[in-house]
Amino acid sequence: MSFPFYIAFRYLFSKKSHHAINIISGVSVFGIAIATAALVCILSVFNGFQDMVAGLFTAFDPQLKILPAEGKFMAADEPELERVRGDERIAVWSEVVEDNALFTLANRQVMGVVKGVDDEFEQLIDMDRIGFGEGVFQLHADVIDYGVAGIGLLSQLGTTVDFPPIQIYAPRKGERIDLNNPAASFSHEEVFSPQLAFNVKQGKYDAQYVITNIALARRLFERQGEVTQIELKLTDGADTDRVKSDLRRALGEKYRVLDRYEQQEDTFRIMKVEKLISYIFLTFILLIACFNIIGSLSMLIIDKRDDAVTLRNLGATNSQIAGIFMLEGRMITLFGAIVGLLLGVGLCLLQQEFGLLKFGRSAGNYIIDVYPVSVHVQDLVLIFATVIIVGFVSVWYPVRHLSKKSLELKNNN
């Protein structure tokens with residue numbers, strides 16, 4: 001144990017001549033601990049919301065999606081696509097034709113999205129999880145086309161899961177609208193009810209999408225032999241990032257390969273920005289808490305001026321004496337950081353186990369009833385590093401300056 005560290009350790013835990021110094025030191029540790037715990041809890045709540053949103057999107061978004069780099073449509077039999085289709089890590093390969101259309105029922109009209117899928121699509125989604133109704137997932141039978149609509153879209157059309165045929169219209173490719181006969185400028189299809197709807201609990205999907213078979217979508221949008229995207233499900237144990245990287249390299253610049261987070265990039269970018277802003281604000285609060293350390297060390301330096309002179313007479317240099325008080329400030333920061341991390345993680349575990357903080361008094365009013373939390377190790381490392389750096393830097397100059405002035409004043413006296 002080094003000489004400055006031994007003296008600083010004794011100063012921190014020994015009883016001072018003025019009891020107020022012990023109290024202020026305790027308040028300093030408490031302030032650092034509270035700021036650290038707040039960082040842990042706030043960042044963990046953001047992680048919880050991000051994981052929750054990712055879980056909701058997972059029910060509808062594929063693991064990987066292949067899109068054209070330019071334009072909306074691409075040929076389904078492109079050589080590059082056929083080359084990667086046989087990758088043994090791909091469990092499900094589903095072709096999709098997706099575009100905007102007009103839905104009409106009785107006297108109601110709603111703009112939405114037709115998502116035409118092949119028979120493989122059912123293996124991509126968990127319909128048991130998002131399905132709503134007594135029917136089964138069925139998109140075609142003989143000459144009948146079925147449509148599985150979002151419950152929000154059905155609500156806008158003023159109908160239920162057991163709806164009469166919904167009429168779907170889309171502009172014909174390459175044609176201008178004939179004002180004398182507008183209906184002739186639109187392709188027309190209709191879908192029947194399979195007694196089933198879906199509820200992803202995301203307005204982007206629930207209020208806009210109708211899932212139907214790809215043959216109907218190709219007729220409607222006049223896109224025979226083309227797709228807008230290819231949705232993939234990987235085999236169990238496959239590394240999503242590795243497969244994504246390999247597909248991007250194999251397909252080249254003509255295509256984009258997106259994972260679930262990239263498919264919802266705007267949503268997750270907003271959440272990351274909010275998390276970053278919260279982190280910055282709480283770091284400023286942490287900096288304010290560090291001023292308590294400066295006050296505690298200032299009183300300690302004044303209280304130990306005689307000891308400092310004695311140490312210098314025994315051969316200690318001014319740097320060593322300043323280092324003693326510097327080490328004490330750093331130990332206060334370190335203890336506060338450790339206590340704060342333990343407190344923050346403990347509160348998060350209690351929230352996970354018992355749901356102490358709830359959204360409202362009535363259960364079922366929201367998607368979830370309690371605030372979600374998810375503690376990430378990388379966040380704990382970041383928080384610990386932030387507290388240590390802010391604490392160490394904030395006491396460096398004041399301690400050196402105060403200890404130097406105190407020694408000069410004692411010598412002059």
Side-chain angles (χ1 to χ4, degrees), residues 47-65 67 92 94-101 103 105 110-139 146-163 166 168 191 193-214 216-217 228-234 240 258-271 359 363-372 374:
N47 293 335
F49 278 112
Q50 182 170 316
D51 292 348
M52 180 199 70
V53 172
L56 293 174
F57 284 133
T58 298
F60 203 84
D61 295 324
Q63 280 183 273
L64 292 177
K65 179 187 292 187
L67 300 165
V92 179
S94 178
E95 296 180 351
V96 177
V97 173
E98 180 178 307
D99 208 349
N100 297 322
F103 302 103
L105 183 61
V110 176
M111 286 298 300
V113 178
V114 170
K115 182 168 186 171
V117 300
D118 58 18
D119 294 336
E120 302 294 322
F121 181 77
E122 188 175 2
Q123 303 178 49
L124 286 173
I125 60 174
D126 186 1
M127 188 52 66
D128 291 337
R129 176 183 171 188
I130 65 174
F132 183 84
E134 300 298 327
V136 295
F137 187 78
Q138 185 179 17
L139 301 179
Y146 295 102
V148 180
I151 60 172
L153 180 62
L154 294 179
S155 176
Q156 294 178 71
L157 290 172
T159 186
T160 62
V161 173
D162 185 18
F163 56 81
I166 295 176
I168 308 175
V191 292
S193 170
Q195 309 295 313
L196 182 71
F198 67 83
N199 180 19
V200 187
K201 299 180 180 178
Q202 290 290 326
K204 174 181 178 179
Y205 297 126
D206 295 337
Q208 297 187 57
Y209 274 69
V210 170
I211 304 172
T212 185
N213 70 84
I214 194 169
L216 179 146
T228 55
Q229 65 218 40
I230 295 172
E231 300 185 352
L232 308 178
K233 180 180 180 181
L234 305 182
T240 303
L258 308 179
D259 58 26
R260 285 188 173 118
Y261 285 94
E262 290 168 333
Q263 293 167 39
Q264 305 296 338
E265 185 177 7
D266 292 340
T267 299
F268 289 109
R269 184 189 295 117
I270 291 172
M271 297 185 72
F359 282 108
N365 290 340
Y366 303 94
I367 296 176
I368 54 176
D369 296 324
V370 301
Y371 281 91
S374 178

Worksheet item: Can you tell me how far CD of Gln123 sits from CG of Asp118, rounded to the nearest 0.5 angstrom?
Response: 9.5 Å
Response to the item:
Tightest non-hydrogen contact, residues Val161 and Gln195, listed as CG1-C, 3.0 Å
Item to complete: Heavy atoms only: give me the nearest Pro62-Gln263 pair and the separation to one decimal.
Response: O-NE2, 3.2 Å
Worksheet item: Looking only at heavy atoms, which two atoms of Ala217 and Gly116 are closest? And how far apart?
Response: CB-CA, 3.7 Å
Item to complete: State, yes or no, whether a side-chain contact exists between Val210 and Ile166 at a heavy-atom distance under 4.5 Å.
Response: no
Worksheet item: Which value, rounded to the nearest 0.5 Å, describes the distance between Lys233 atom NZ and Ile125 atom CD1?
Response: 10.5 Å
Worksheet item: Do Tyr209 and Phe60 make the cut of ring centroids closer than 6.0 angstrom?
Response: yes
Worksheet entry | Test salt bridge (charged side-chain N to carboxylate O under 4.0 Å, His left out) applied to Arg269 - qualifying residues, sequence neighbours left out | Glu265, Asp266
Worksheet entry | Partner set under ring pair (Phe, Tyr, Trp, His ring centres under 6.0 Å) for Tyr261, not counting sequence neighbours | Phe268
Discussion item. Looking at every heavy atom in both Leu196 and Ser193, which two are closest together, and how far apart are they?
Written reply: N-OG, 4.5 Å
Discussion item. Please evaluate residues Val113 and Tyr205 with respect to the criterion side chain to side chain contact (heavy atoms under 4.5 Å, CB included), reporting the C-alpha separation (whole Å), side-chain torsions for both, the decisive distance (0.1 Å), and the verdict.
Written reply: CA-CA 9 Å; Val113 178; Tyr205 297 126; over 6 Å; no
Worksheet item: Taking atom types as modelled, is there a side-chain donor on Thr240 or Asp259 under 3.5 Å from an acceptor on the other?
Response: no
Fill in: CA sep, side-chain torsions, deciding dist, call: Ile168, Val114, side chain to side chain contact (heavy atoms under 4.5 Å, CB included)
CA-CA 9 Å; Ile168 308 175; Val114 170; 3.8 Å; yes
Discussion item. Taking atom CZ as the centre, does Phe137 end up with more than 12 heavy-atom neighbours from other residues, nucleotides or ligands that are less than 6.0 angstrom away?
Written reply: yes
Discussion item. Quick check for you: to the nearest 0.5 Å, what is the distance between Gln208 atom CD and Met111 atom CE?
Written reply: 9.5 Å
Worksheet, complete the sentence: The residue among Val200, Ile130, Leu154 that forms side-chain contact (heavy atoms from CB on, under 4.5 Å) with Asp206 is Val200
Practice prompt. Check Val191 against Gly147 and note the closest heavy-atom contact, atom names and distance.
Written response: CB-N, 3.8 Å
Fill in: Gap separating the CZ atom of Phe121 from the OG1 atom of Thr212, nearest 0.5 angstrom
11.5 Å
Worksheet item: Could you give the distance from NZ (Lys115) to CG (Asn213), rounded to the nearest 0.5 Å?
Response: 14.0 Å
Fill in: Donor-acceptor pair, side chain of Arg260 and main chain of Asp61, under 3.5 angstrom
yes
Item to complete: Verify side chain to side chain contact (heavy atoms under 4.5 Å, CB included) between Met127 and Glu122, making sure each step is shown before the conclusion.
Response: CA-CA 8 Å; Met127 188 52 66; Glu122 188 175 2; 5.7 Å; no
Item to complete: Could you tell me the separation between the CG atom of Leu124 and the CG atom of Leu232, rounded to the nearest 0.5 Å?
Response: 8.0 Å
Worksheet, complete the sentence: Between Thr228 and Leu67, the two heavy atoms sitting closest are O-CD2, 3.6 Å
